[in-house]
Trainee: 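Okay, here's the structure, questions in a sec.
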Amino acid sequence: MTDFSVPQRMSLGAFFIYFLKYFRLVLNATIIFSAYEIFKSEDGIVENLQKIAILFGVTVCVALALASLAFFKLKFHVDGGNLIYRHNMIGRVTTTIPLTHIHTLRTRQGMFYRILSLRGVLFDTLADKGEEIELILSEADWQSLLKRIELQERPQPAVADMPPPPVRSHTSYRKFSNTDLVLDALCQNHLKGMAVLGGFVAVFFKLNLYENLFDIIADYFESHFAHLAMSVAGIAMIMASAYVVSLVLWLGKVLLRYYDLSLTYDSKTLTFSHGLFSRMSSRFDCDKICTVWVKRNYPERRFGLCTLAMKQAMNSSAQKEEDNLKIYGHDCSDFFLGRWLGQEYGQEQEITAAKSGKGVITHSLLPDLLVSAVATAALCYLGMYSWIILPVIYMSAGIPKGILTMRHSHISLRESYVIIGKGRFAEIKNYVKYDNVEVVRLTRTPVSRLTGRVSLSLSTSGSTFTIRSLRHEEAMRIYELLLYKSTRRTTTSTARAIDTQADDEAVSA
């Protein structure tokens, strides 16, 4: 274990990890070049094997050279509450990150990491827009660095020579069910594929449900696909097989990333750990959450499941949005919302609310209308008039989507937070504190004078929400309340911080 006070390099095990990364990178180009050379060559098997061996040796040498440059150029240490590391292959770049400004602390452990008892550590800050630097540390060094970060996060004393007050926080552990993970993964958007497959089954097995409609559709497809060598039933089987394959791949992706998800938490921080072969973790403060996103579609509501994400502020290049962790499984929204908003959040009275009007349906249909118009024009130009039924069906399918979008679109203001409802086939609720509201915008269009409807946009450091087709009077009331609430709470928080600092100075005096 080290205290990171002296600039140092990583261990030899880290060099091996660097070598594997660069070897895989160079190997991709080598494989393409080898395949090209063998394809155009007329040599025998022995000569081709010799070429492959030479290219493999060159790949190893190049990977060793790149790994050496990256490994020996990197030194890091902690000084005065800052993480400082020097890196870059050719020149020398010194990067300094204040430990208090680390937005999210992420780790990953692939198969070779775990064999060598190593852990890759990555630091996310709001200003970081370059390539991430990964520190590959042993478990003991990782725990030592984590203690330094936790010590720096504690409230600092008013007197420099006085040690920071000890923070006693009870640490709890929560484990999520893998069964619920799989079940909720099956309830995601790929259910559209189930609907398509069910339609084909209903058509060809003559189910009694809407029998006449299915017969019409079946006759239409059989008449227009008669010239094909494959029957409609064969096409349905191919689609079903493709759907099953995509379903297996989707489940594999979810299990590889979120298997054995667990949470370690105290009064301030949340640390998630997950992954089947490669274990990953994400540690962040509750105060750095800007939005809690909760999605429930019909199957999820039926089985008591939900999909939940805690969104944080994006960095300056907006490249960290996809790093938000999603939790699939049992409905645990009350647990996380209670920790973030307070245990009494569900009992807060609604101050005001507004629902979207029918203009949302029109806005939702515009992309489908454009696609259908272009497809119809192309089919008419080609003389394929019988195929116009496809864009008509596509356009008609968008109408219930627009109606559901209108039903789910609303905004509700409570005493300490806002609920923004969105979603199409699923009901999505976004919970936002007034402290996190940064921009509120009211948008009027030329049509607003006729309809009396406007759009309201609300932005945080990590998300932007737009509620369309609100009544002008309701939108103005919500607009003014949002500005009042966000300004008042920010002023109150600043005043409390000043009073706390004054009390500390008085006690020290």
Side-chain angles (χ1 to χ4, degrees), residues 126 289-295 309 311-318 320-321 324 350-374 395 398-491:
L126 293 183
I289 299 172
C290 64
T291 306
V292 174
W293 178 89
V294 182
K295 178 187 73 69
K311 298 185 178 181
Q312 302 176 69
M314 294 183 292
N315 69 340
S316 58
S317 60
K320 297 294 190 299
E321 185 177 10
N324 292 315
E350 184 178 79
I351 301 174
T352 185
K355 290 183 65 66
S356 297
K358 296 179 181 178
V360 175
I361 301 178
T362 304
H363 184 272
S364 176
L365 286 175
L366 285 178
D368 297 337
L369 179 62
L370 180 61
V371 172
S372 299
V374 172
M395 184 64 191
I399 296 177
K401 178 183 66 176
I403 295 174
L404 290 174
T405 303
M406 180 191 69
R407 289 184 178 180
H408 292 150
S409 179
H410 68 277
I411 181 170
S412 173
L413 272 64
R414 305 296 174 93
E415 184 61 34
S416 61
Y417 62 94
V418 186
I419 303 176
I420 300 108
K422 297 181 72 66
R424 294 179 179 177
F425 297 100
E427 181 185 14
I428 299 174
K429 290 185 177 180
N430 297 276
Y431 295 81
V432 179
K433 290 182 180 179
Y434 291 110
D435 295 343
N436 299 122
V437 176
E438 297 187 353
V439 178
V440 183
R441 183 181 296 109
L442 200 64
T443 304
R444 301 179 181 88
T445 64
V447 186
S448 297
R449 293 184 178 181
L450 300 176
T451 62
R453 299 278 178 168
V454 297
S455 297
L456 181 71
S457 297
L458 182 151
S459 298
T460 68
S461 57
S463 304
T464 298
F465 309 100
T466 300
I467 307 95
R468 305 182 188 278
S469 190
L470 297 176
R471 286 192 174 93
H472 184 265
E473 298 79 9
E474 295 177 343
M476 280 299 300
R477 173 174 170 78
I478 293 174
Y479 175 80
E480 293 173 355
L481 279 173
L482 283 172
L483 292 179
Y484 170 74
K485 285 279 190 181
S486 58
T487 304
R488 189 189 68 172
R489 292 183 69 86
T490 303
T491 304

Trainee: Is there side-chain contact between Thr405 and Ile361, with at least one heavy-atom pair below 4.5 Å?
Mentor: no
Trainee: Let me confirm one number: the OH-CG distance from Tyr417 to Asn436, rounded to the nearest 0.5 Å.
Mentor: 14.5 Å
Trainee: Distance check, rounded to the nearest 0.5 Å: Ser455 atom OG versus His363 atom NE2?
Mentor: 7.5 Å
Trainee: Out of curiosity, Ile420 CD1 to Lys429 NZ, how far, rounded to the nearest 0.5 Å?
Mentor: 12.0 Å
Trainee: Keeping Ser356 on the side-chain end and Ser469 on the backbone end, is there a donor-acceptor pair under 3.5 Å?
Mentor: no
Trainee: Working to the nearest 0.5 angstrom, can you tell me the gap between Thr464 OG1 and Arg441 CZ?
Mentor: 8.0 Å
Trainee: Atom NZ of Lys433 and atom OG1 of Thr460: how far apart are they, to the nearest 0.5 Å?
Mentor: 12.5 Å
Trainee: So if I apply the side chain to side chain contact (heavy atoms under 4.5 Å, CB included) rule between His408 and each of Arg424, Lys422, Glu427, which one comes out positive?
Mentor: Glu427
Trainee: Going through the checks in order, is the side-chain contact (heavy atoms from CB on, under 4.5 Å) test met by His472 and Arg453?
Mentor: CA-CA 5 Å; His472 184 265; Arg453 299 278 178 168; over 6 Å; no
Trainee: Can you name the residues that form a side-chain hydrogen bond (donor to acceptor under 3.5 Å, both in side chains) with Ser457, not counting sequence neighbours?
Mentor: Thr466
Trainee: Would you name the heavy atoms of Arg477 and Thr352 that are closest together and state the gap between them?
Mentor: NE-OG1, 3.5 Å
Trainee: Is the shortest side-chain heavy-atom distance between Phe465 and Ile411 below 4.5 Å?
Mentor: no
Trainee: Can you name the closest pair of heavy atoms from Ala475 and Val454 and give their distance?
Mentor: CB-CG2, 3.4 Å
Trainee: With Lys401, which residues qualify under side-chain hydrogen bond (donor to acceptor under 3.5 Å, both in side chains), at least two apart?
Mentor: Asp368
Trainee: Give a yes or no answer on whether the side chain of Lys485 reaches the backbone of Glu415 with a donor-acceptor pair at less than 3.5 Å.
Mentor: yes
Trainee: On a heavy-atom basis, which atom in His410 and which in Lys355 lie closest, and how many Å separate them?
Mentor: CB-CG, 4.0 Å
Trainee: Please walk me through it: do Ile467 and Ile478 pass side-chain contact (heavy atoms from CB on, under 4.5 Å)?
Mentor: CA-CA 11 Å; Ile467 307 95; Ile478 293 174; over 6 Å; no
Trainee: Which residues satisfy the side-chain hydrogen bond (donor to acceptor under 3.5 Å, both in side chains) test with Thr445, sequence neighbours excluded?
Mentor: Ser448
Trainee: Taking atom OG of Ser364 and atom CD1 of Ile399, what is their separation to the nearest 0.5 Å?
Mentor: 10.5 Å
Trainee: Find out whether Val432 and Val437 are in side-chain contact, i.e. whether some heavy atom of one side chain is under 4.5 Å from a heavy atom of the other.
Mentor: yes
Trainee: Side chains of Leu369 and Met395: closer than 4.5 Å at any heavy-atom pair?
Mentor: yes
